[in-house]
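Quick note: numbers below take in every heavy atom, side chains included, and nothing from hydrogens, waters or symmetry partners. Because the structure is a prediction, the values reported are computed rather than measured.
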Amino acid sequence: AVLMHRFFLFAVASGRALASSGPEILECSAAWSDYKELLINAGDRFWEDDEVQHQSLEIVSNWLPYLCADGCHSTRDLRFDFIYALHNHCTDSPNFFRYIVRHYFVNENRNFSPPDFSPDFCWGAVVTALSSVALSSMNSQPRQALRLLFVAWNLLGAYFVFDWSESASWPARAALVLHNMHQETASLSPAEEEHPGETDASMYMRLLSWHGTIEVAKPFAPIYSFPLLDEVGEHQPLTIWQACIHSSTAGEAKTVVTDFLKHEFPIDFRGNSLATQLCGNYGICAAAHVAEELEPLVMWGEEIPFESKVVYFKTTQAFQDVRIVSVTGAGADACFLFLLQARNADVTMCSIPAWWCNLFAVASKPLLAFIGLPILQYVPESERQVFLSNFMVLVQNPRHVFLANNVYLAEEIAWQTGLRLPAIRILGLHTEAVYTPKRSEVLVARPGTSGALAECVMRRFLDRTPQFPFSFTQFQDLFSSSQEDPAKAREIYNVTLKFEVLASFQAAVMLPYDTSLMLLWEFYAMGVPLFVPRQLWRWLFGQHTRQDLATQVKDYMFDTPSPFFNPYEPLDLERARFWTRYTDWALLPHLQYFRSIADLLEQLMACDFGSVSALMKQFTALSVVRNVEVWRRVMQRLHAAILL
């Protein structure tokens with residue numbers, strides 16, 4: 001113990017030394033040191049210093065033509081040559097090619113051709129200079145100030161892909177730029193607050209409560225279970241017919257009800273997931289002929305235009321008489337197969353996509369809806385008001401049970417419809433693996449576009465820190481197919497990797513690319529210590545927050561700002577921070593938050609991984625007890641619905 005304590009003291013001291021000596025990709029060459037010295041002496045409100053302002057004006061004058069043409073008067077004038085300067089530091093990073101080159105060049109039909117010579121561009125210094133000139137002129141030249149802040153915002157990148165300002169010593173930060181884009185007078189951005197999971201772990205449980213949800217408001221909520229009996233009085237299983245295009249949400253429901261409630265509620269769970277690569281984790285794969293028949297229904301409004309009236313259905317005021325009016329077009333066979341399969345089931349179940357809930361309701365069976373992604377995915381814009389109206393009718397039907405698999409989604413649906421669904425968080429028990437740190441590495445989970453530069457930045461920090469006791473393994477490097485020419489690197493998804501392998505790392509660094517991720521729940525279930533960026537608002541972009549899905553019920557206005565965000569527009573920092581608190585990244589207790597890469601290295605060296613893992617497992621155990629009780633309530637409700 002004494003030796004370990006000494007190691008920790010050494011590690012912390014080494015980690016603190018990193019903060020003042022970052023890699024060149026962030027701190028830049030010695031040519032920029034005089035400007036940095038001026039900024040250090042100027043303090044937090046650096047833009048008010050005359051010497052800083054003089055130097056900043058010179059930097060902006062020199063580098064603005066490099067960043068955009070014709071004076072930066074529109075987005076068409078923006079240039080992206082600075083990416084080549086960053087690439088000079090990242091030639092060994094497959095993720096740079098996999099995400100950044102693909103996003104900025106391949107997807108835009110641009111050639112990625114690094115020049116033989118790149119100028120001595122300093123990302124942090126130029127963002128700081130643009131911010132300094134802009135903030136000092138907000139009162140006298142507001143349009144000019146906003147234009148320069150917009151150029152600085154462009155340097156942060158789509159999804160903040162280039163923003164590692166918190167890991168550098170330059171004073172300009174993404175928060176400072178975004179904050180002042182919405183201000184009339186220059187000011188410092190508000191300080192980062194602690195996350196709910198750090199200060200009040202009970203908040204998560206409160207948000208998962210059924211209190212204030214639509215399910216509590218429904219009549220016919222039974223207190224006791226109603227096991228089904230056959231003709232001779234024997235218990236018969238409750239048959240649930242399920243179909244989806246993404247397995248994790250429905251698979252979670254199956255795992256809990258069949259593992260923990262099988263003696264109270266015998267279940268015949270007939271899974272029909274079309275996600276053939278992942279459905280085997282849960283044993284819910286669709287038979288080949290079922291998958292083939294249902295495949296045309298995946299996209300409402302694309303493969304099957306809704307205008308062709310694939311399925312009409314009506315709902316009476318009593319919410320009871322849900323029936324098919326007509327079935328035509330390319331989806332007729334799929335609808336017929338669905339009805340044929342579902343007619344012998346007691347309950348139908350939908351999850352992803354949510355619009356299938358409207359389709360499954362035509363079977364006139366009690367419906368279990370466990371929503372996992374935004375409800376308007378795959379719904380064409382012209383049909384969204386119709387869909388939302390029908391969806392609300394289904395949600396309020398006492399024969400149906402509607403749930404969300406995370407708090408953010410539940411709050412998002414409330415913003416769209418005014419109806420709040422209960423949230424049941426994913427436990428991830430299907431991993432059947434436990435944290436067993438046999439390897440000496442720290443795993444960096446799949447980053448998405450927002451974390452594309454992390455691999456390069458981490459490598460450059462480690463180049464300067466040979467005494468660091470761990471190495472970083474990128475998630476993609478666990479697959480042999482990722483060892484290829486970086487210029488041809490592509491996205492890889494886990495379909496064969498055993499969870500025991502993921503549980504064998506010392507810890508995992510997760511860079512969020514959505515408000516909730518299945519991999520987060522899986523790592524948490526296994527008890528792997530997790531390190532996450534503290535500035536969570538910068539990582540909000542993902543499937544749950546797609547701006548193109550931000551439709552509300554007509555004439556309805558929820559009393560909170562929109563939970564949807566556009567990565568191609570300057571982020572509303574206040575709104576993003578408001579919604580961040582509903583993400584699993586903010587709510588789960590015992591996550592380890594780092595402010596910078598130097599802070600991450602320091603924490604990794606000082607952390608007692610075993611103690612953190614034990615606390616995570618303890619919270620998971622408490623969550624299992626709570627979730628089982630909630631699913632018991634759901635099963636009671638469904639049994640009662642069959643008798644209605």
Look at the side chain of T91 and the backbone N and O of N88, then say whether any donor-acceptor pair between them is shorter than 3.5 Å. no

Do the side chains of V442 and F505 get nearer than 4.5 Å, heavy atoms only? no

Do you know which two heavy atoms are closest between F531 and A507, and how far apart they sit? CE1-CB, 3.7 Å

Please name the pair of heavy atoms, one in L588 and one in F619, separated by the smallest distance, quoted to 0.1 Å. CD2-CE2, 3.8 Å

Counting only heavy atoms not in E432 (residues, nucleotides, ligands), do more than 12 fall under 6.0 Å from its CD? no

Donor-acceptor pair, side chain of E27 and main chain of A168, under 3.5 angstrom: no

Does the pair E500/K498 count as a salt bridge with the N-to-O cut at 4.0 Å? no

With sequence neighbours left out, the residues meeting ring pair (Phe, Tyr, Trp, His ring centres under 6.0 Å) with W539 are none

On the six-membered ring of W63, is R79 placed so that its NZ or CZ lies under 6.0 angstrom from the centre and within 45° of the ring axis? no

How far does CG of L156 sit from CG of L178, to the nearest 0.5 angstrom? 6.5 Å

Is the shortest distance from a Lys or Arg side-chain nitrogen in D514 or R546 to a carboxylate oxygen in the other one below 4.0 Å? no

To the nearest 0.5 Å, tell me how far N406 CG sits from M518 CE. 11.5 Å

Can you confirm whether more than 12 heavy atoms, excluding those of N107, are under 6.0 Å from its CG atom? yes

Before you tell me yes or no, could you show the steps for S248 and Y282 under side chain to side chain contact (heavy atoms under 4.5 Å, CB included), namely the whole-Å CA-CA distance, both residues' side-chain angles and the distance that decides it to 0.1 Å? CA-CA 8 Å; S248 59; Y282 313 93; 3.6 Å; yes

For residues S93 and E455, is any side-chain donor paired with an opposing acceptor at under 3.5 Å? yes

Kindly say whether G527 contributes a backbone atom to a donor-acceptor pair with the side chain of S613 at under 3.5 angstrom? yes

Look up atom OG1 in T449 and atom OH in Y99, then write down how far apart they are to the nearest 0.5 Å. 7.0 Å

Those residues at least two apart in sequence (or on a different chain) that pass ring pair (Phe, Tyr, Trp, His ring centres under 6.0 Å) with F150 are W153

Residues two or more places apart in sequence or in another chain: which of them pass side chain to side chain contact (heavy atoms under 4.5 Å, CB included) with P196? M203, R581, A586, L587

Taking only residues two or more places apart in sequence, or in another chain, which ones meet W123 in a ring pair (Phe, Tyr, Trp, His ring centres under 6.0 Å)? none

Answer yes or no: does atom CD of Q183 have more than 12 heavy-atom neighbours from other residues, nucleotides or ligands under 6.0 Å? yes

Hey, does L443 have a side-chain heavy atom less than 4.5 Å from the side chain of V528? no

What one should report as the nearest heavy-atom pair of P512 and L536 is CG-CD2, 4.4 Å

If I compare all heavy atoms of N95 with all of A452, which pair ends up nearest, and what's the gap? CB-O, 3.6 Å

Smallest separation among heavy atoms of L427 and S623, with atom names: CD2-CB, 3.6 Å

Between the side chains of R425 and D584, is the shortest nitrogen-to-carboxylate-oxygen separation below 4.0 Å, so that they form an ion pair? no

In short, F609 meets P529 closest at the heavy-atom pair O-CG, 3.6 Å

Going by the angle between their ring planes, with limits at 30° and 60°, are F468 and F470 parallel, tilted or perpendicular? perpendicular

One pair to check against ring-ring contact (aromatic ring centres under 6.0 Å, His included): F46 and Y35. What are the steps and the verdict? CA-CA 11 Å; F46 56 89; Y35 183 50; 8.6 Å; no

Is any side-chain N of the basic residue among D599 and R534 closer than 4.0 Å to the acidic one's carboxylate O? no

Find the distance between CZ (R459) and CZ (F461) and round it off to the nearest 0.5 Å. 15.5 Å

Just jot down the side chain to side chain contact (heavy atoms under 4.5 Å, CB included) partners of Y513, sequence neighbours excluded, or say none. R446, S450, L517

Does any part of the side chain of M616, heavy atoms only, come nearer than 4.5 Å to the side chain of M526, both counted from C-beta? no

Do we see a donor-acceptor contact under 3.5 Å between the side chains of Q53 and S132? yes

Do H182 and L573 have side chains that get closer than 4.5 Å, going by heavy atoms? no

Measure centre to centre between the rings of F160 and W537, then say whether the value is under 6.0 Å. yes

Could you tell me whether F162 and Y104 have their ring centroids closer than 6.0 angstrom? yes

Return yes if a side-chain donor-acceptor contact under 3.5 Å exists between E194 and T199, otherwise no. no

Inspect the surroundings of CD in E574 and state if more than 12 heavy atoms from other residues, nucleotides or ligands are less than 6.0 Å away. no

Name the one of F105, F121, F96, Y66 that satisfies ring pair (Phe, Tyr, Trp, His ring centres under 6.0 Å) with Y84? F105

For H87 and F112, take the angle between the two ring planes, folded into 0 to 90°, and tell me which bin it lands in: parallel under 30, tilted 30 to 60, perpendicular over 60. perpendicular

We want to know whether S516 and H544 form a side-chain donor-acceptor pair, criterion being a heavy-atom distance below 3.5 angstrom. no

Would you indicate whether H246, at its atom NE2, is surrounded by more than 12 heavy atoms from other residues, nucleotides or ligands within a distance under 6.0 Å? no

Angle class for the Y159/H103 ring planes (parallel below 30°, perpendicular above 60°, tilted otherwise)? perpendicular

Cationic N near anionic O, under 4.0 Å, E166 to R173: yes

Partner residues of Y524 under the ring pair (Phe, Tyr, Trp, His ring centres under 6.0 Å) criterion, sequence neighbours left out: none

